[in-house]
Amino acid sequence: MTEARPDDTAIETTILDLVAARGAGKTICPSEVARALGGPHPDGWGPLMQPVRRVAVRLAHAGRVAILRKGKPVDPDDFRGIYRLALPAGASGPGNQSGV
């Protein structure tokens, strides 16, 4: 394989871009992030699922995304199974980041 695996920065940027594009009150699947980075074939995106989860947990701790299970926010340190990612409650989509 000639392509390097995306780093945490690329994963973080993709998560934040996708949840912002989806907008407040809407969610994305972690596999959407993995597919955006690894392509449509499972051999490309499958290995990215754990790194996506790890970065999502870090972003949830920072208050930049919410991790939802069955439509309800969960503790980023204690959730299992299928989950979705969304803008945190009160966020308004693109442009919601504070000035840098």
Side-chain angles (χ1 to χ4, degrees):
M1 232 195 247
T2 57
E3 288 186 38
R5 185 182 275 186
D7 64 8
D8 284 2
T9 302
I11 294 170
E12 177 178 319
T13 299
T14 303
I15 290 172
L16 294 173
D17 287 350
L18 289 174
V19 296
R22 190 67 44 98
K26 305 285 184 185
T27 64
I28 64 165
C29 181
S31 68
E32 291 178 59
V33 178
R35 283 183 177 95
L37 294 164
H41 195 278
D43 288 347
W45 65 263
L48 296 174
M49 292 301 292
Q50 279 304 108
V52 167
R53 181 183 176 106
R54 184 180 64 246
V55 173
V57 166
R58 191 179 76 234
L59 289 171
H61 280 293
R64 299 181 72 192
V65 299
I67 298 174
L68 307 175
R69 204 160 137 60
K70 299 183 180 178
K72 296 186 172 32
V74 296
D75 178 350
D77 293 323
D78 186 29
F79 70 98
R80 292 183 154 171
I82 297 168
Y83 66 101
R84 309 268 307 169
L85 300 171
L87 290 170
S92 60
N96 69 335
Q97 296 175 350
S98 55
V100 177

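Starting from 1, each residue takes its place in the sequence as its number.
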**Asked** How long is the span from the OG1 atom in Thr13 to the CG atom in Leu16, to the nearest 0.5 Å?
**Response** 6.5 Å
**Asked** Please, which pairs that meet salt bridge (charged side-chain N to carboxylate O under 4.0 Å, His left out) have at least one residue in residues 15-24, sequence neighbours excluded?
**Response** Arg22-Glu32
**Closest heavy-atom pair and its distance - Ala86, Thr27** = CB-CG2, 3.9 Å
**Message:** To check you understand the geometry: which heavy-atom pair defines the closest contact between Pro47 and Pro42, and what is its length?
**Reply:** CD-O, 3.7 Å
Could you pull out every donor-acceptor pair under 3.5 Å between side chains of residues 66-74 and any protein atom, sequence neighbours left out?
{"unit_1": "Arg69", "atom_1": "NE", "unit_2": "Arg80", "atom_2": "O", "d": "2.8"}
{"unit_1": "Arg69", "atom_1": "NH1", "unit_2": "Arg80", "atom_2": "O", "d": "3.3"}
{"unit_1": "Arg69", "atom_1": "NH1", "unit_2": "Ile82", "atom_2": "O", "d": "2.9"}

Return all side-chain donor-acceptor pairs below 3.5 angstrom for residues 49-60, not counting sequence neighbours, or 'none' if the list is empty.
{"unit_1": "Arg53", "atom_1": "NH2", "unit_2": "Phe79", "atom_2": "O", "d": "2.7"}
{"unit_1": "Arg54", "atom_1": "NH2", "unit_2": "Asp8", "atom_2": "OD1", "d": "2.9"}
{"unit_1": "Arg58", "atom_1": "NH2", "unit_2": "Glu12", "atom_2": "OE1", "d": "2.7"}

**Asked** Could you give the distance from CG (Leu48) to CG (Leu37), rounded to the nearest 0.5 Å?
**Response** 6.0 Å
**Prompt:** Taking all atoms of both residues into account, what is the closest heavy-atom pair of Ile15 and Leu85, and its distance?
**Reply:** CG2-CD1, 4.2 Å
